[in-house]
Number of protein chains: 2
Amino acid sequence: MSIAEPLQDSCAGATRSDCRHGRATNGCEDCKVRLFSVCAALEPSELEELDRISQAKQVPARTTLFEQSALAGSVFNVTDGVVRLYKSLPDGRRQIVGFALPGDFLGLALQDRYGVTAEAVNEVAVCRFVRSAFLAYVDGKPHLLRRLHEFAGHELSLAQDQMLLLGRRSAEEKIAAFLLNMQTRYARIGSVSVTVPLPMSRQDIADYLGLTIETVSRTLTRLAREKVVLIVPDGVRLLDLERLKLSGAS
Amino acid sequence: MSIAEPLQDSCAGATRSDCRHGRATNGCEDCKVRLFSVCAALEPSELEELDRISQAKQVPARTTLFEQSALAGSVFNVTDGVVRLYKSLPDGRRQIVGFALPGDFLGLALQDRYGVTAEAVNEVAVCRFVRSAFLAYVDGKPHLLRRLHEFAGHELSLAQDQMLLLGRRSAEEKIAAFLLNMQTRYARIGSVSVTVPLPMSRQDIADYLGLTIETVSRTLTRLAREKVVLIVPDGVRLLDLERLKLSGAS
DNA sequence: CGGCGGCATTGATGCAGATCAATGCTGCGC
DNA sequence: GCGCAGCATTGATCTGCATCAATGCCGCCG
């Protein structure tokens, strides 16, 4: 199931500004991820205008938001939950290129086709924009374009870090870097804790790090045995940050 | 040696518009990579203005254009030659995240620090811009910013392809994809041929593909033995494109 | 509450590619 | 034209992670 094209949505016939069911708040103005997201570049009046073309959606786990190489009909702002972004080979091998957290923007490149597939890992809330409407909105707002560009530059930088990780680091280093990275990202969006939520499966982690599920499991078990981490349901508690940084530091 | 900061250049004291020695042509207007580069988005009058803040430079092989995490004083347009872009780990392991060819822009993200190190593989010609001047130039030219953003989106997409390659493909698949990819890129900039120039060393190729020099060598030798490619000095001739695509197709 | 399905862990074995080690090739300075 | 330095090739061996194969765990549904 895809929510991107066509608009399989109960409010498809209503005017866009009515599409607020599912939104956690009353609009962009008090959106809880606004200050972390591309929208932080916008003035109150611009936010109002954005409200008019935005549509809040809540989707259950495993929902496909869009698929690799499909026409990019929508772009999204993630407001809650985790989204996996991946590329696949014809034979089924998969590489997850990133996990999108609240505040992340999907479709940053503004290209006419999606470069990756996006699936909800757990229950996810997004702010959806029809791409053409969003493009029109961006047009004439160079500060927003600048902000989108900044985000794209940041994504590119993350992608390059991930290349270094995939090409040159050992399994333990990959796991350590992943855990530290997720912790940092959660901290940035206001969730500072030594317990890192990992709503995704071991298979997802393996496909993100270029490993197998068995190697992920074994490596985590070993780190747990060495009291570097504590494995908890749907997450990991980081016990020995120094030791992790020794392996995972960039 | 770095040419980025400070300006180690014989014309450092001259006005910028005089800095044309080393430029292959008379200016942006008849720059041979203009139509492939970000500059294709510019009007003649804008090109003239760009001329005034640009500085053509020719640098020998192995020159460092800029270094990872240094302050980004300049941005560059590559007009000739090949540039390797890489990230390093403290212990010396290296991952090349890309090879920049003529028409490619370095510093696309416009961030205040470089995310990678850039080194000339062979003799390289670049068009250099002081970053602050370039930012000022971009400011008020949303169509150029749009173009830069498009380029960044394309780079991001390439980076994600490379992640899939690094994380999930075998040595032979990596080599095949690399060769086909380089051929396509050379074709796009006007050099259509089954002989792919490879000015970079085996070590560079290995560090790009997440392999060792020995594996690169062995894999190429095997492909040559099977008459899929013919190894020539500083390049490879692709003999059996179908067979290569079987391994390397995305 | 019991059985089933999906995921994770753990163990045994295999192998692609790394590592270690010569040897060969080529271009350049003298 | 000789010798050297740097790169590439080739061969022998090793190993980290994949693969194959149970087994365990837990939530869910009847």
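Just so we're on the same page: letters track the sequence lines, and every chain starts at 1. A quick note: this is a predicted structure, and the numbers were derived from the prediction, not measured.
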Quiz item: Quick one: salt bridge (charged side-chain N to carboxylate O under 4.0 Å, His left out) pairs with a partner in residues 188-197 of chain B, sequence neighbours left out?
Solution: none

Exercise. Mark yes or no for whether Ser217(A), through its side chain, and Ile213(A), through its backbone, hold a donor-acceptor pair below 3.5 Å.
Key: no

Self-check item: Results of ring pair (Phe, Tyr, Trp, His ring centres under 6.0 Å) for Tyr86(A) - residues two or more places apart only
Solution: none

Practice problem: Measure across Ala159(B) and Leu156(A) and return the closest heavy-atom pair with its distance rounded to 0.1 Å. | Solution: CB-CD1, 4.2 Å

Quiz item: Would Arg169(A) and Asp161(A) pass as an ion pair if we require N to O under 4.0 Å?
Solution: no

Quiz item: Can you give one letter per nucleotide of nucleotides 12-17 of chain C, going 5' to 3': B for a protein heavy atom under 4.0 Å from the base, S for sugar-phosphate only, - for none?
Solution: B----S

Practice problem: Can you tell me which residue pairs pass the salt bridge (charged side-chain N to carboxylate O under 4.0 Å, His left out) test with a partner in residues 69-80 of chain A, sequence neighbours excluded? | Solution: none

Quiz prompt | Pair listing, ring-ring contact (aromatic ring centres under 6.0 Å, His included) test, anchored in residues 151-206 of chain B, at least two apart | solution = Phe178(B)-Tyr208(B)

Self-check item: Heavy-atom contact window of chain B on DNA chain D, given 5' to 3' at under 4.0 Å
Solution: dC7(D) to dA12(D)

Practice problem: To the nearest Å, give me how far apart CG (Leu198(A)) and P (dA8(C)) are. | Solution: 11 Å

Quiz item: Between atom CD of Glu67(B) and atom OG of Ser88(B), what is the distance when rounded to the nearest 0.5 Å?
Solution: 9.0 Å

Nucleotide N/O to protein N/O under 3.5 Å, stretch nucleotides 24-27 of chain C:
none

Practice problem: For residues Lys87(B) and Val97(B), report the shortest heavy-atom separation together with the two atoms involved. | Solution: CG-CG1, 4.2 Å

Quiz item: Nearest heavy-atom pair of Val121(B) and Ala61(B): which atoms, and what distance?
Solution: O-CB, 3.5 Å

Quiz item: Just by distance, do the side chain of Arg131(B) and the backbone of Gly73(B) share a donor-acceptor pair under 3.5 Å?
Solution: no

Quiz item: Just by distance, do the side chain of Arg128(B) and the backbone of Gln55(B) share a donor-acceptor pair under 3.5 Å?
Solution: no

Quiz item: Which pairs with one or both residues in residues 235-250 of chain A pass salt bridge (charged side-chain N to carboxylate O under 4.0 Å, His left out), sequence neighbours excluded?
Solution: Glu172(A)-Arg243(A), Glu226(A)-Arg243(A)

Self-check item: Pairs where residues 212-238 of chain B contributes a residue and the test ring-ring contact (aromatic ring centres under 6.0 Å, His included) is met, not counting sequence neighbours
Solution: none

Quiz item: Which heavy-atom pair separates Ile96(B) from Asp204(B) by the least distance, and what is that distance?
Solution: CD1-O, 3.4 Å

Quiz item: For DNA chain C, what residues of residues 201-209 of chain B have any heavy atom nearer than 4.0 Å?
Solution: none

Quiz item: Under 4.5 Å between any side-chain heavy atoms of Asp104(A) and Val33(A), yes or no?
Solution: no

Self-check item: Nearest heavy-atom neighbours spanning Ala125(B) and Gln58(B)
Solution: CB-OE1, 3.8 Å

Practice problem: For the helix from dC1(C)-dG30(D) to dC30(C)-dG1(D), measure the angle between the helix axis at one end and the axis at the other, each built from five pairs, rounding to 10°. | Solution: 30°

Quiz item: Tell me, which of residues 243-250 of chain B have any heavy atom that sits under 4.0 Å from an atom in DNA chain D?
Solution: none

